[in-house]
2 protein chains.
Amino acid sequence: MKITRKTVAKSAVLEIFGKSKTALSHTEIQSQMNNVCDRVTIYRILDRLVNDDIIHKIVNLDGTVKYAKCNHAHRVHIHNHAHFSCENCHEITCLENVKPSYIIPHNYKVNDINFTLSGLCPNCLNSNN
Amino acid sequence: MKITRKTVAKSAVLEIFGKSKTALSHTEIQSQMNNVCDRVTIYRILDRLVNDDIIHKIVNLDGTVKYAKCNHAHRVHIHNHAHFSCENCHEITCLENVKPSYIIPHNYKVNDINFTLSGLCPNCLNSNN
DNA sequence: TTTGTAACGCAACTATGTTGCGTTACTATT
DNA sequence: AATAGTAACGCAACATAGTTGCGTTACAAA
Ligand SMILES: [Zn+2]
Ligand SMILES: [Zn+2]
Ligand SMILES: [Zn+2]
Ligand SMILES: [Zn+2]
């Protein structure tokens with residue numbers, strides 16, 4: 001495991017994740033960064049944070065990629081919880097307590113899973129539109 | 001529901017899906033098409049086939065998008081089966097019989113689900129590399 | 001055969017992510 | 001505090017995936 005340094009750009013990204021309750025895309029992060037760094041740097045920071053298990057990557061049904069901070073303290077962990085993607089407000093939320101159970105043929109070896117639900121979130125369901 | 005016409009390009013795409021046991025990306029389809037039509041046309045055909053419930057869209061963990069033909073005769077159906085993505089040969093297969101069970105808070109309304117497993121497929125597991 | 005329009009080709013554009021390379025700045029060591 | 005190794009950075013250029021507009025073609029119903 002390599003050493004990852006603390007830089008101003010990385011700290012800024014982490015602060016944005018700290019303030020956000022939902023998952024964030026590269027573009028969303030960039031627009032909150034006030035030109036602290038280049039957009040390529042944000043890509044590289046996100047890669048590093050994923051590698052260090054500080055954030056995890058979420059791929060939505062429509063192909064959009066977002067990231068959310070990990071709420072686990074463990075050094076090594078898998079993200080087998082569900083993610084909810086709202087079709088109205090387009091927010092993606094971690095449902096840490098929702099985990100799928102399934103039976104898979106024994107001749108497959110599963111290393112990672114992605115379980116995404118899409119529909120209407122509580123907020124958008126209330127404001128019935 | 002609009003009328004969708006039968007064209008040479010659409011027939012070619014359908015024939016390719018008929019021959020394939022795994023899901024196909026736009027690029028993979030294009031390379032099997034022998035320049036029957038423009039690449040934009042393939043995008044439009046895929047959109048139409050998804051709308052007509054003839055194929056379904058699969059988004060992989062790495063963000064790549066593939067399509068597979070539907071094995072249901074029903075007019076309206078959801079694709080709640082699992083998809084397996086092999087990290088070695090990169091083939092994506094429908095696991096029609098694998099369906100996740102899960103409990104979600106009642107204040108969410110689920111319209112669609114995406115359940116993708118990644119790891120090693122039976123083929124790549126046998127040729128132990 | 002006529003006719004309305006779905007489907008098409010082509011060009012241009014956007015969005016997202018990657019790579020190479022010379023420069024900057026973080027952190028451990030002296 | 002000064003030094004040094006290298007992680008991280010900026011910038012430009014590139015790559016890939018998907019979209020849009022518009023004039024033209026060809027499918028299918030009348
Ligand atoms: Zn919402
Ligand atoms: Zn999550
Ligand atoms: Zn395989
Ligand atoms: Zn499938």
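Letters A, B, ... mirror the listed sequences (proteins, then strands); counts begin at 1. Note that the coordinates shown come from a computational prediction; the quantities given were computed from them, not determined experimentally.
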Residue whose closest nucleotide on DNA chain C lies nearer the 5' end, V8(A) versus A9(B):
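Here A9(B) is the residue nearer the 5' end.
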Selection from dC9(D), dC8(C), dG18(D) that lies nearest to any side-chain heavy atom of V65(B)
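Given the options dC9(D), dC8(C), dG18(D), the side chain of V65(B) is closest to dG18(D).
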Find every protein N or O atom lying less than 3.5 Å from an N or O atom of nucleotides 28-30 of chain D, and list the pairs.
unit_1, atom_1, unit_2, atom_2, d
dA28(D), OP1, K6(B), N, 3.0

Whole angstrom value for the distance that separates [atom2] of [N] from [atom1] of [X]:
X	N	atom1	atom2	result
Y43(B)	dG9(C)	OH	P	15 Å
I42(B)	dC10(C)	CD1	C1'	15 Å
L46(B)	dG18(D)	CG	P	9 Å

Please report the C-alpha distance between E28(B) and K66(B) in whole Å, then the side-chain angles of each, then the deciding distance to 0.1 Å, and finally whether the salt bridge (Lys or Arg N to Asp or Glu O under 4.0 Å) criterion is met.
CA-CA 9 Å; E28(B) 286 164 346; K66(B) 299 210 176 190; 3.2 Å; yes
Run through L24(A), V65(A), V59(A), N60(A) and flag the one making a side-chain contact (heavy atoms from CB on, under 4.5 Å) with I92(A).
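Of the listed options, the one satisfying the test is N60(A).
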Aromatic ring proximity, centroids under 6.0 angstrom, F115(A) and H83(A):
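No, the ring of H83(A) stays outside the 6.0 Å limit from the ring of F115(A), centre to centre.
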Taking only residues two or more places apart in sequence or in another chain, which ones pass side-chain contact (heavy atoms from CB on, under 4.5 Å) with V50(B)?
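With sequence neighbours excluded, V50(B) shows a side-chain contact (heavy atoms from CB on, under 4.5 Å) to I55(B), Y67(B), given in chain and number order.
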State the OG1-CD1 distance between T4(A) and I45(A), to the nearest 0.5 angstrom.
11.0 Å
Would a distance-only check, ignoring hydrogens and angles, find a side-chain to backbone donor-acceptor pair under 3.5 Å from D38(A) to V40(A)?
yes
Is a side-chain donor or acceptor of T41(B) paired with a backbone partner of C37(B) at a separation under 3.5 angstrom?
no
Which part of the nucleic acid, if any, lies within reach of V40(B) when heavy atoms closer than 4.0 Å are counted: base, sugar-phosphate only, or nothing?
base
How would you label the contact of R39(A) with the nucleic acid (heavy atoms, under 4.0 Å): base, sugar-phosphate, or nothing?
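It contacts base atoms.
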Can you find an N or O donor on one side and an acceptor on the other, under 3.5 Å apart, linking the side chain of R44(A) with the base of dG10(D)?
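Between dG10(D) and R44(A), which were checked side chain against base, a qualifying N/O pair under 3.5 Å is present.
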Based on the rotation axes of five pairs at each end, what angle does the helix from dT1(C)-dA30(D) to dT30(C)-dA1(D) bend through, to 10°?
40°
Short side-chain N/O contact from T27(A) to OP1 or OP2 of dT16(C), under 4.0 Å:
yes
